[in-house]
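Take a look at the structure set out below.
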2 protein chains.
Amino acid sequence: MEGNCYSSPVAKRQSRKTGGGCKRSVCPIANVLDLVGDKWTLLIVRDLLFMGKRRYREFVESPEGIPTNILADRLKRLEAGEFVTKAPYQTNPPRYTYSLTPKGADLKSVLLAMIAWSGKHVPGARKPPAKFMKGM
Amino acid sequence: MEGNCYSSPVAKRQSRKTGGGCKRSVCPIANVLDLVGDKWTLLIVRDLLFMGKRRYREFVESPEGIPTNILADRLKRLEAGEFVTKAPYQTNPPRYTYSLTPKGADLKSVLLAMIAWSGKHVPGARKPPAKFMKGM
DNA sequence: CCTGTAACTTGCGAAAGACAAGTCACAGGC
DNA sequence: GCCTGTGACTTGTCTTTCGCAAGTTACAGG
């Protein structure tokens, strides 16, 4: 019998050495957190979804200041998980743009829920300008 | 001028020594991630919100197997951030139950968005049984 | 007194994060 | 032909956090 968040007392531990590919449980919330549950990944999705950013440098320039090794790692994981696709916009030297797949773009509802929560509970949170919220 | 996710090129780095209390930017999404953007915190909120769990031991018994030092740390942070309150249910020895504040309970919409996303994009994800979804 | 249980705390090796600096390929100016 | 600059990363090093086991404290029951 598999452990999941509806059956209590199972505690399967797994080595993190094996990479991020293994699920902690079959709970849908845990599944999402296994994929994007860190401080940086959803900020990249935000940049792609609301800011219209597509290039490495644009992500680096976001105000949170993501370290470049973390950015490279997260882009790789997002690509591996099919949240984003990478397309060359020139071949010499090779340069790429990143864009969301439908799977990645569907995280919009999660981000919108976060924006709503912040609007209600975080004093200094700025609401996104209307130009970034088009098509919602 | 403050950096935020709508004004590009600012990169304020801050030492993590000063604790989790400082915001990376005024972006509402970054604000949420500063508070609950890790692999464990939202699972505790899930347990409180959907599973009806209230005690330390119950959180430990969740299938993901949270380490106890992480659990103690996250409960402290959730309490400090007023996501949960701690109430003694006996004084000798002192034992506590944890419950969500309205601020914490408002994360429900974020969790629901995650459940919906998982239902669509994660093959093995189990939907929560109806009994856990009452009142939505 | 001995065992058990709840709720933590402590210690330690391993992994991840933060930051600076370096690399590689080309483009443009002189 | 050489120098400077830019984009997209990679590498190195140090610090912080994580994951796990084990210990602690306070009481309850036999």
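Below, chain A is the first sequence line, B the second, and so on; all start at residue 1.
Distances from the side chain of Arg57(A) to the nucleotides dG7(D), dA18(C), dC18(D) place dG7(D) closest. Listed candidates were dC8(C), dA6(C), dA18(C). Nearest to the side chain of Ile70(A) is dA18(C).
A sub-4.0 Å separation between OP1 or OP2 of dT9(C) and a side-chain N or O of Lys76(B) is present. Within the 4.0 Å cut-off from OP1 or OP2 of dA7(C), not a single side-chain nitrogen or oxygen of Tyr98(B) is found. Regarding contacts with the backbone of dG7(D), every side-chain N or O of Arg54(A) stays at 4.0 angstrom or more from both OP1 and OP2. An OP1 or OP2 oxygen of dT9(C) is reached within less than 4.0 angstrom by no side-chain nitrogen or oxygen of Tyr56(B). For the OP1/OP2 pair of dA18(C) and a distance below 4.0 Å, the side-chain nitrogens and oxygens of Trp40(A) include at least one atom meeting the criterion.
Here Phe59(A) lies out of heavy-atom contact (under 4.0 Å) with every strand.
In summary, of the residues considered (Arg77(B), Arg24(B), Lys23(B)), a salt bridge (charged side-chain N to carboxylate O under 4.0 Å, His left out) with Asp34(B) occurs for Arg24(B) alone.
Atom pair Tyr89(B):OH and dA6(C):P shows a separation of 8 Å (rounding to whole Å applied). In this entry the distance linking CG of Leu43(B) with P of dC18(D) reads 13 Å, nearest Å. Between the P atom of dT16(D) and the CG atom of Asp38(B) lies a distance of 18 Å, rounded to the nearest Å. At whole-Å resolution of the value, CG in Leu78(A) and C1' in dC9(D) are 16 Å apart. Atom CG of Leu71(B) is separated from atom P of dC8(C) by 8 Å (rounded to the nearest Å). We find that CG of Asp73(B) is positioned 15 Å from P of dT16(D), with the value rounded to whole Å. Protein atom CZ of Arg74(A) is 9 Å distant from nucleotide atom P of dA18(C), rounded to whole Å. With rounding to whole Å, Arg24(B) atom CZ is found 16 Å from dC19(C) atom C1'.
The salt bridge (charged side-chain N to carboxylate O under 4.0 Å, His left out) search around Lys103(A) returns none, not counting sequence neighbours. In this structure Phe83(B) satisfies the ring-ring contact (aromatic ring centres under 6.0 Å, His included) test together with Trp117(A), sequence neighbours excluded. For the salt bridge (charged side-chain N to carboxylate O under 4.0 Å, His left out) test, no residue two or more places apart in sequence or in another chain qualifies with Arg54(B). Listed by chain and residue number, nothing satisfies the side-chain hydrogen bond (donor to acceptor under 3.5 Å, both in side chains) test with Arg57(A) (two or more places apart in sequence, or in another chain). Residues that satisfy the side-chain hydrogen bond (donor to acceptor under 3.5 Å, both in side chains) test with Asp106(A), not counting sequence neighbours, are Lys120(B), His121(B).
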Practice problem: Using a 4.0 Å cut-off on protein heavy atoms (strictly under), produce a 5'-to-3' string for nucleotides 22-29 of chain D with B for base contact, S for backbone-only sugar-phosphate contact, and - for none. | Solution: B----S--
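Annotation: of the two residues near DNA chain C, Arg55(B) and Asn69(B), the 5′-most nearest-nucleotide partner is Arg55(B).
Using a 4.0 Å cut-off between a side-chain N of Lys or Arg and a carboxylate O of Asp or Glu, Glu79(A) and Arg74(A) do not qualify as a salt bridge.
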